> 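Sharing a structure below in structure tokens format, with a few things to ask.
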Amino acid sequence: MEVASEKIVNRDEITDTALSLFAGDDSIHIPESYIRTDEVLADEVVGKDEAYELPVVDMAKLLDPDSSAMETDKLGSACRHWGFFQLTNHGVDEAVAQLIKDSTVEFFSLPLDIKNRVAVLGKGAGLEGYGHHYSRGPGDKLDWAEGLILITQPVHERNMKLWPTNPPTFRDALATYSVEMTKLARRLLGFMAADIGDDKGELVEAFTGKRQSMAMHYYPPCRHPDKVMGITPHTDGLGLTLLLHVDDTPGLQIKKDGRWYPVRPLPGAILINIGDVLDVLTNGAYTSVEHRVIPDAERGRTTVVFVEEGTVGEMVTPLPGLLKEQEPRYKSLDIDDYIKGILKAIPERTRFADTLKI
Ligand SMILES: O=C(O)CCC(=O)C(=O)O
Ligand SMILES: [Fe+2]
């Protein structure tokens, strides 16, 4: 992402000390830079004595003419009220999903010097590569995780110096998985379009041929999960996010009405969440949801996240077709300026899309 080279977002490298810490070395105290107890405990986590259900959408029911309308309503309701859902029967090629899962696990288990061959290139050099997740205030706090972020589409924007060659399957896994996710996103967007009343294909068009990126995360277990954050609370700044759980370790929490709801990964499901840009494209009908990760006390957790951008031409804007019957709730902005805006907003922990609200 060329525009990402603005000197504003920082990703710290993973050091030997960080890895020993993550490996649970008792002789190392958790450094202050990882301690965020106040923030972790600030808002209530729903659970223990309260039953709750989070949205699940079934792709097989969306595709079946007998159940499609009802399931589309369910999809719409999840996108409007929760901004996320777990998608079952999604039809993703199992071998392709397995390849990216295995390659990711293998990558994170490699010695640090090999992983650091694709390390983040340092302050101001862009968001891609292996390292800590980008720092999102307060101060210089670090997330309890290793991450690898890469642009996957368009092909000419791939930064091959940062695409791991170890394990040898990784590059192929990334390329084939991104194709598979593109197909799935297309399909889902078609049902979202039906739900919001976009009968001109504008929503699918907005995502066709646009930039895509992937983030692989490994959240090591932490014996003090009330002290550290696996990923700082945020909304996804771009369009649509599709998340694959590599294991069944819990950790992701979704915020609704001021409380955190832990997600229990459904075996084989893909988790979908609405990013800020999709909120804008739907003129505020869909909600981008705040989420965070708290590491598990016992088990590591690995995820593979695919993100797709969406624009009308080059613009982040409500879909023109929707504005025939609705007043715009967001101003329009060129995607390059929008990305500059979100990069500036990341360390400030603000949601740049809010500045476009009318
Ligand atoms: O790994 C997860 O559960 C969440 C990752 C995430 O929020 C992101 O990559 O934006
Ligand atoms: Fe996210």
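Keep in mind that this is a model prediction, so the values were computed, not measured. All residue numbers refer to positions in the sequence shown, counting from 1. Remember, it's 1-based here, ligands and their atoms both numbered in the order they're listed.
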> Centroid-to-centroid, F22 to W144, below 6.0 Å?
yes
> Is D64 paired with K61 through a side-chain N to carboxylate O contact shorter than 4.0 Å?
no
> Check this for me, if you would: do E128 and K161 make a salt bridge, where the nitrogen-to-carboxylate-oxygen distance has to be below 4.0 angstrom?
no
> Mark yes when over 12 heavy atoms from residues, nucleotides or ligands other than E50 sit less than 6.0 Å from its CD; otherwise mark no.
yes
> Less than 4.0 angstrom from a charged side-chain N to a carboxylate O is my criterion; do R299 and D247 meet it?
no
> Restricting to N/O/S, name the atom of D236 that gets closest to the Fe ion (ligand 2).
OD1
> Applying a heavy-atom distance cut-off of 4.0 Å, which protein residues contact ligand 1?
H217, Y219, I231, H234, D236, L243, L252, H291, V293, R301, T303, V305
> Given the rule that I, L, V, M, F, W and Y join up when any side-chain heavy atoms are under 4.5 Å apart, are L356 and I339 in one cluster?
yes
> Which residue is it: R211, Q153, K210? I am looking for the one with a side chain to side chain donor-acceptor pair (under 3.5 Å) to E309.
R211
> Once rounded to 10 degrees, what value does the angle at the Fe ion (ligand 2) take between NE2 (H291) and NE2 (H234)?
90°
